[in-house]
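Since the structure comes first, as structure tokens, the remarks are kept for the end.
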Amino acid sequence: MKLVSYLKDGQDQLAVLIDGFVYDMELLHPDLPNSMDMFLAYWEDLLPVAQHGEAMIREGRIAAGKGIALDSVELLAPVPRPTSCRDGYAFRQHVAAARRNRKVDMIPEFDQYPIFYMTNHHAVYGPGPVRCMPDHFEKLDFELEAAIVICKHGRNIKAGEADEYIGGLMIMNDLSARRLQMEEMLLNLGPAKGKDFATTIGPWLVTLDELQAFEIAAKEGHVGKNWNLKMTCTVNGKQVSAGNLGDMDWTFAELVERASYGVDLHPGDVIGSGTVGTGCFLELNGTGKLSDPAYPEQWLQPNDEVVLEIDGLGKLENTMVPEETDWSILKLKKAAVRN
């Protein structure tokens with residue numbers, strides 16, 4: 001099942017996508033809620049009802065002619081109001097390449113436990129324009145990722161049981177303002193202003209039953225589902241990145257285990273995979289400069305169109321739109337005080 005949220009009468013409306021048309025949840029069954037928030041809150045009870053309604057629509061038994069063409073609606077993030085947003089660091093290839101490009105050894109702790117950072121869940125958007133300040137365009141980067149949403153409350157969830165808490169998969173673009181990120185991380189407190197302005201997810205949430213044909217075994221020594229899904233990114237129609245979700249070393253189940261240790265996870269919590277290998281300009285630029293010091297760096301520019309695509313999950317399309325201001329926090333640095 002592909003679940004979408006779109007703008008209807010100024011509010012987010014939950015619907016199911018079937019053969020290029022969206023059907024509001026009330027068409028599947030009158031008791032189904034019209035928002036993703038409520039659907040996730042009662043996921044285990046409501047999902048079977050929605051799946052039955054979807055089957056009836058496909059059979060032509062209900063809602064004939066009541067679907068709305070997908071290209072005529074304004075899609076929102078599938079989960080318009082995440083209760084939190086974490087992003088993982090699950091692909092060893094990306095981590096190893098990034099460290100190699102900085103001429104430092106691979107950090108052994110990567111293979112010992114999965115990590116994540118918390119980002120701004122109030123700055124999660126769907127397909128469409130992404131507003132960026134001048135400082136964001138100082139080395140603005142895409143990050144090609146997938147994400148899950150938690151569909152039931154849990155705490156201290158073991159990895160072997162964690163897939164039961166995953167409502168579905170969607171594409172994530174963890175946009176990064178690299179100059180801001182690099183400067184603030186000199187203080188060893190993790191990414192903040194370099195990350196908190198925008199994360200995009202979408203275009204829809206795909207439930208795990210629809211992805212069964214793509215399931216593969218987790219990497220040796222790991223626990224949980226994984227999926228053989230090709231991932232690509234294009235910028236202004238030119239492909240710049242390709243990878244596969246099946247290359248995740250740490251699984252989403254293991255990320256859930258880590259995230260829930262001593263912490264309550266709630267329906268609506270979003271967790272990203274982290275960047276796939278070659279999945280951002282930071283890595284691609286570093287690799288290019290290793291072989292050619294004159295390699296021209298690539299970064300996202302104003303009005304660039306960025307399209308992330310993952311097999312089975314669709315295409316997430318965003319345009320980087322500059323805000324009409326010249327205000328810069330990079331110019332607010334204080335002079336160093338010397339004793």
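Side chains are part of it too, since the values below use all heavy atoms of this structure and drop only hydrogens, waters and symmetry mates.
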### Query
Using the ring of each side chain (for Trp, its six-membered ring), is Tyr89 parallel, tilted or perpendicular to His94, with breaks at 30° and 60°?
perpendicular
### Query
CG of Asp105: more than 12 outside heavy atoms within 6.0 angstrom?
no
### Message
Can you list everything that forms a side chain to side chain donor-acceptor pair (under 3.5 Å) with Tyr117? Sequence neighbours excluded, please.
### Response
Asp174
### Query
For the side chain of Glu215 and the backbone of Gln212, is there at least one donor-acceptor N/O pair under 3.5 Å apart?
no
### Query
Can we call the ring centroids of Phe142 and Phe281 under 6.0 Å apart?
yes
### Query
Ion pair present between Asp264 and Arg155, side-chain N to carboxylate O less than 4.0 angstrom?
yes
#### Entry: N-O pairing of Glu210 and Lys2 below 4.0 Å
yes
### Task
Before giving the answer on side chain to side chain donor-acceptor pair (under 3.5 Å), spell out for Ser84 and Asp269 the whole-Å C-alpha distance, their side-chain angles and the decisive distance to 0.1 Å.
CA-CA 5 Å; Ser84 70; Asp269 288 350; 2.9 Å; yes
### Task
Please determine if Asp311 and Lys230 form a salt bridge, counting it only when a charged side-chain N lies under 4.0 Å from a carboxylate O.
no
### Message
Surrounding CE of Met38 (heavy atoms of other residues, nucleotides or ligands, distance under 6.0 Å), is the total greater than 12?
### Response
no
### Query
Counting distance only, does the side-chain N/O of Thr207 pair as donor-acceptor with the main-chain N or O of Met1 below 3.5 Å?
yes
### Query
Looking at Lys331 and Asp135, does any basic side-chain N land under 4.0 Å from a carboxylate oxygen?
no
### Query
Which residues satisfy the ring pair (Phe, Tyr, Trp, His ring centres under 6.0 Å) test with Phe21, sequence neighbours excluded?
none
### Message
Check this for me: His153, atom NE2, are more than 12 non-hydrogen atoms of other residues, nucleotides or ligands nearer than 6.0 Å?
### Response
yes
### Query
Got a donor-acceptor contact below 3.5 angstrom from the Asp292 side chain to the Lys289 backbone?
no
### Message
If the condition is ring pair (Phe, Tyr, Trp, His ring centres under 6.0 Å), which residues does Trp43 pass it with, not counting sequence neighbours?
### Response
Phe39
### Query
Are any side-chain N or O atoms of Glu257 and backbone N or O atoms of Ala159, one a donor and one an acceptor, separated by less than 3.5 Å?
yes
### Query
Quick one: do Glu74 and Lys8 make a salt bridge, cutoff under 4.0 Å?
no
### Task
Return yes if some donor-acceptor pair links the side-chain N/O of Asn244 with the main-chain N/O of Leu229 below 3.5 Å, else return no.
yes
### Query
Under 4.0 Å between a Lys/Arg side-chain N and an Asp/Glu carboxylate O for Arg179 and Glu184?
no
### Query
What residues, two or more places apart in sequence or in another chain, satisfy ring pair (Phe, Tyr, Trp, His ring centres under 6.0 Å) together with His136?
Phe197
### Summary
Residue set satisfying side chain to side chain donor-acceptor pair (under 3.5 Å) with Glu297, at least two apart, ordered chain then number -> Trp299
### Query
Are Glu54 and Arg58 within salt-bridge range, i.e. N to O under 4.0 Å?
yes
## Note on the structure
Hits for salt bridge (Lys or Arg N to Asp or Glu O under 4.0 Å) against Lys152, two or more places apart or cross-chain, chain-then-number order -> Glu44, Glu164
### Carboxylate-amine/guanidinium proximity below 4.0 Å for Glu317 and Lys315
no
